[in-house]
Asks: 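Got a structure here, written out as structure tokens. Questions coming.
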Amino acid sequence: MKLLEMKHVKKDFKELSVLKDISLEVNEGEVVAILGPSGSGKSTLLRCAALLETMDEGSLAYCENSATVNLNGGKTEYVGRKQLCELKNNFGLVFQNFNLFPHYSVIKNVTDAPIHVQKRNKDEVIKEARELLRKVGLEEKENSYPCQLSGGQQQRVAIARALAMRPKMLFFDEPTSALDPEITAGILKVLRELAAEKMTMVIVTHEIAFARNVADRVIFMDGGVIVEEGKPEEVIDNPSNERTRAFLQKLS
């Protein structure tokens, strides 16, 4: 089943064309890694997919339910707020800078939205949240506050918080870029475990080895377009495009 479908997406910021006619599909159980230099449009594409930015042109659908209505003239219109709120339940988003509520404890950060937004049973949500914290190795930190946690621990809380909403897929925007290499390994371990459980994920990352080992498909973006996409062994180990080769050589 297609969980995400984006067609002919265009996005400008004033005079700057950031996304130029990009189309992307993500199937259930698939891990897609998006690579590319800074300014290539990776994060903007993810933010459009997560409804944090509005597309200028193009269509967007989750689980074959459309989030957009394309009128004559090309300009993208979105469906109503109520429908968008329902569509947002399909995905969770993990940012590079954690975005935890500083005045909430760890357990409250994880349980707040399922209880108050999804209106789920409080006891059931708390039980599930404790299980998620155990899964990310933070079961003893449920009463701590974000300021008492390391960056890596905060990122793991952010992942547990996203999972607590029971999304069908997760979007990650450079989840390790704010962390040092030792802590990064812990986050990548959590992502590997999620991939092994067939969690659908779209991950913007600079972690080439991780993308090679975990992704089902790798997309290389540059200059607002998808330059190359395919299996990791094709795009990373045997790229056909000169821009992809130059980017990977710089990183290695």
Side-chain angles (χ1 to χ4, degrees), residues 4 11 13 18 32-34 38-39 41-54 60 62 67 81 84-120 125-126 128-139 141-181 183-191 193-194 199-207 210:
L4 175 68
K11 177 67 181 175
F13 291 107
V18 179
V32 177
I34 303 178
S38 294
K42 311 182 299 292
S43 291
T44 301
L45 179 64
L46 201 71
R47 288 176 68 81
C48 286
L51 298 169
L52 294 173
E53 295 283 359
T54 54
L60 170 63
Y62 306 97
R81 182 176 290 184
L84 284 179
C85 283
E86 286 170 12
L87 289 171
K88 282 179 180 177
N89 286 322
N90 288 298
F91 61 84
L93 181 62
V94 179
F95 301 88
Q96 55 184 289
N97 53 355
F98 327 131
N99 283 21
L100 300 176
F101 294 114
H103 55 296
Y104 284 0
S105 66
V106 164
I107 194 81
K108 188 162 169 56
N109 263 287
V110 176
T111 59
D112 190 64
I115 292 169
H116 295 109
V117 177
Q118 294 181 330
K119 310 293 185 195
R120 281 161 47 200
V125 169
I126 289 171
E128 212 168 283
R130 286 185 171 135
E131 181 57 32
L132 287 169
L133 289 173
R134 188 192 63 71
K135 186 176 194 166
V136 298
L138 291 174
E139 62 267 47
K141 298 288 187 182
E142 70 169 69
N143 295 315
S144 300
Y145 285 80
C147 64
Q148 298 171 309
L149 304 177
S150 69
Q153 288 170 330
Q154 288 186 60
Q155 191 60 295
R156 280 185 276 160
V157 174
I159 294 170
R161 179 179 63 178
L163 288 168
M165 298 291 282
R166 296 178 177 171
K168 293 186 173 76
M169 63 183 148
L170 288 176
F171 296 133
F172 292 88
D173 187 9
E174 305 224 10
T176 59
S177 67
L179 306 172
D180 67 40
I183 292 168
T184 291
I187 300 301
L188 296 181
K189 179 173 179 281
V190 172
L191 297 188
E193 287 163 0
L194 290 172
M199 183 75 206
T200 308
M201 295 185 281
V202 181
I203 307 169
V204 169
T205 182
H206 280 111
E207 300 290 337
F210 171 79

Asks: In Å, rounded to the nearest 0.5 Å, how long is the span from NE2 of His206 to OG of Ser177?
Replies: 8.5 Å

Asks: Quick one: salt bridge (charged side-chain N to carboxylate O under 4.0 Å, His left out) partners of Glu131, sequence neighbours excluded?
Replies: Arg134

Asks: In chain order, what residues pass the side chain to side chain donor-acceptor pair (under 3.5 Å) check against Lys141, with sequence neighbours excluded?
Replies: none

Asks: With sequence neighbours excluded, tell me which residues meet ring-ring contact (aromatic ring centres under 6.0 Å, His included) with Phe13.
Replies: none

Asks: CD1 of Ile107 to CD of Glu139: how many Å apart, nearest 0.5 Å?
Replies: 11.5 Å

Asks: Using the side chain to side chain contact (heavy atoms under 4.5 Å, CB included) criterion, which residues pair with Ala185? Sequence neighbours excluded.
Replies: none

Asks: Could you tell me which residues satisfy side chain to side chain donor-acceptor pair (under 3.5 Å) with Ser105, sequence neighbours excluded, listed by chain and number?
Replies: none

Asks: Can you list everything that forms a side chain to side chain donor-acceptor pair (under 3.5 Å) with Arg166? Sequence neighbours excluded, please.
Replies: Glu124, Glu128

Asks: Lys88 versus Leu51: any side-chain heavy-atom pair under 4.5 Å?
Replies: yes

Asks: State which residues pass side chain to side chain contact (heavy atoms under 4.5 Å, CB included) with Thr184; sequence neighbours excluded, sorted by chain then number.
Replies: Thr176, Leu179, Leu188, Glu207

Asks: Is there any ring pair (Phe, Tyr, Trp, His ring centres under 6.0 Å) pair reaching into residues 150-175, and which pairs are they, with sequence neighbours excluded?
Replies: Phe91-Phe171

Asks: Of all residues at least two apart in sequence or in a different chain, which pass the side chain to side chain contact (heavy atoms under 4.5 Å, CB included) check with Lys189?
Replies: Glu193

Asks: Quick one, Asn143 and Val106 - any side-chain contact, counting heavy atoms below 4.5 Å?
Replies: no

Asks: What's the spacing between Leu4 CG and Leu60 CG if we round to 0.5 Å?
Replies: 6.5 Å

Asks: Which heavy-atom pair separates Val204 from Ser43 by the least distance, and what is that distance?
Replies: CG1-OG, 4.4 Å

Asks: If you measure from CG on Leu52 to CZ on Arg47, what distance do you get to the nearest 0.5 Å?
Replies: 5.0 Å

Asks: For Gly92 and Pro167, work out which heavy atoms get closest and say how close.
Replies: N-CB, 3.5 Å

Asks: Please determine whether a side-chain nitrogen of the Lys or Arg among Arg130 and Glu142 lies less than 4.0 Å from a carboxylate oxygen of the Asp or Glu.
Replies: yes

Asks: Side chain of Arg120, backbone of Pro114: donor and acceptor closer than 3.5 Å?
Replies: no

Asks: May I ask you to test the Asn99-Asn97 pair for a side-chain heavy-atom distance under 4.5 Å?
Replies: yes

Asks: State whether the side chain of Lys11 and the backbone N or O of Thr54 hold a donor-acceptor pair below 3.5 Å, judged by distance alone.
Replies: yes

Asks: Where do Val94 and Ala158 come nearest, in terms of heavy atoms and distance?
Replies: CG2-O, 4.0 Å

Asks: Quick one: does Asn109's side chain have a donor or acceptor within less than 3.5 Å of a partner on Tyr104's backbone?
Replies: yes

Asks: Kindly write out the residues that satisfy side chain to side chain donor-acceptor pair (under 3.5 Å) with Asp112, not counting sequence neighbours, or none if the list is empty.
Replies: Lys108, His116

Asks: Please report the closest heavy-atom contact between Ala129 and Val110, naming both atoms and the distance.
Replies: CB-CG1, 3.6 Å

Asks: Just verifying a value: how many Å separate Leu45 CG and Asp173 CG, rounded to the nearest 0.5 Å?
Replies: 10.5 Å

Asks: Measure the shortest side-chain to side-chain distance between Val157 and Phe98 over non-hydrogen atoms and say whether it is less than 4.5 angstrom.
Replies: no

Asks: Distance-only check: which donor-acceptor pairs under 3.5 Å involve side-chain atoms of residues 148-155, not counting sequence neighbours?
Replies:
residue	atom	partner	partner atom	Å
Gln148	OE1	Tyr145	N	2.7
Ser150	OG	Gln153	N	3.2
Ser150	OG	Gln153	OE1	3.4
Gln153	OE1	Ser150	N	2.9
Gln154	NE2	Pro146	O	3.4
Gln154	NE2	Leu149	O	3.4
Gln155	NE2	Phe95	O	3.0
Gln155	NE2	Pro175	O	2.8

Asks: Residues in side chain to side chain contact (heavy atoms under 4.5 Å, CB included) with Leu163, at least two apart?
Replies: Leu132, Ile159, Leu170, Leu194, Met199

Asks: Would you compute the distance between atom CG of Leu100 and atom CZ of Arg161 and round it to the nearest 0.5 angstrom?
Replies: 5.0 Å

